[in-house]
Protein chains: 2
Amino acid sequence: MIAVSRNFNVQESTIDYGPLENDLGYVLRRAQLWVFQDFIRTMTPLDLRPAQYSVLVIIHHNPGLSQIALAGALGIERARLVRLLDQLEERKLVERRPAASDRRSHAMHLTREGERVLAGALDLVATHRLACLEEFGGPNNYETLVRLLAKFGAPQ
Amino acid sequence: MIAVSRNFNVQESTIDYGPLENDLGYVLRRAQLWVFQDFIRTMTPLDLRPAQYSVLVIIHHNPGLSQIALAGALGIERARLVRLLDQLEERKLVERRPAASDRRSHAMHLTREGERVLAGALDLVATHRLACLEEFGGPNNYETLVRLLAKFGAPQ
DNA sequence: TATTGTTATACTCTATAACTATA
DNA sequence: TATAGTTATAGAGTATAACAATA
């Protein structure tokens, strides 16, 4: 009866979650926590956090865009983006180049090293995606989730 | 042609999100951000944040439980819970009572005022839920989301 | 006057480690 | 030895406000 001893003293299963059980915000937070932790764990070889990864992706697909457009695309404050870019620029993954038309703004580009790191990241993301697929009940459920979540918020 | 002038200079719609478009972590974060912001906005009359609300809910449904069980139920560190409870205790919403069987541990209870605030919070949460229903495409989509997100993570 | 990027501040949240008092 | 609660610290994330350079 080893199975019994494993459950011995596990009090969590007796917790009554009340209205949290069907609370979208609560389950979103729990799910996001799991996904981000798995992402960070998977990305440790490259030392890339989710926000840093998404910065690289957006710059790669929209080279030359301004910081304010980048912040808008990611849904973060432009003040917060400054520190993010400082770190990535320190690691020689991104470059702030002077913008041609507006001397206030910067044109964001990936360095060659940034492109290389992003390529490696995409490989690891594939692994991470497999873990998510399993955790969330297969490709159908995964795609349903993404569709229901993405339809509302992108540009906010 | 007012509609045209409103869209003038909106660059965001031309952004290419690349793989983020179908990235569960990315859409989870965007969705959670929206839901939490709406929650906080709706709760301003009671000045309750999502974490504080869930503490009240769990204690109400599991009176007398220990801090470590509470932290486990919420998926937060017990060290983080200390500050959360300090604030709620300062506001006279919760009480740490000495536990009967173990003098190291506390039995958590809501005060009468805590019960009153929770009741008011549940009313506001109903409003918040309506906003979410609309934002996420109606009750069917909402329930599908909750079901797909909740099935995996609760006790983690 | 308004916008881009920056700096500064404050608060929340996450993640650890170490300490105390009990068990 | 291990556990419950606490304290402390460091870093990430969020939200503002204000400033210089430029539009």
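Just so it is clear, the values below take in all heavy atoms, side chains as well, and ignore hydrogens, waters and symmetry mates. The structure displayed is predicted, hence computed values, not measured ones. Below, read A as the first sequence line, B as the second, and so on, with proteins coming before strands; counting in each chain starts at 1.
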Can you tell which of [options] lies closest to the side chain of [X]?
X      : options                : value
B/I68  : D/dT16, C/dT14, D/dA4  : D/dA4
B/V82  : C/dG5, D/dT7, D/dT16   : D/dT7
B/R78  : C/dA18, D/dA15, D/dT7  : C/dA18
B/Q67  : C/dA23, C/dC13, D/dT6  : D/dT6
B/R104 : D/dT14, C/dT14, C/dA23 : C/dA23
B/I76  : C/dC13, C/dG5, C/dT14  : C/dT14
B/A79  : D/dA8, D/dG5, D/dT22   : D/dA8
A/R103 : D/dA23, C/dA23, C/dA15 : D/dA23
B/R96  : C/dA23, D/dT6, D/dG13  : D/dT6

Would you say B/S105's side chain and B/A99's backbone share a donor-acceptor pair under 3.5 angstrom?
no

Where the side chain of A/H61 meets the backbone of A/V57, is there a donor-acceptor pair that is under 3.5 Å apart?
yes

If you assign each of B/R80 and B/R29 to its closest nucleotide in DNA chain D, which residue comes earlier from the 5' end?
B/R80

One thing to verify: whether B/R112 and B/E115 come together as a salt bridge, which I'm taking to mean a side-chain N less than 4.0 angstrom from a carboxylate O.
no

Scan side-chain atoms only and decide if A/H106 and A/Q67 contain a donor-acceptor pair under the 3.5 Å cut-off.
yes

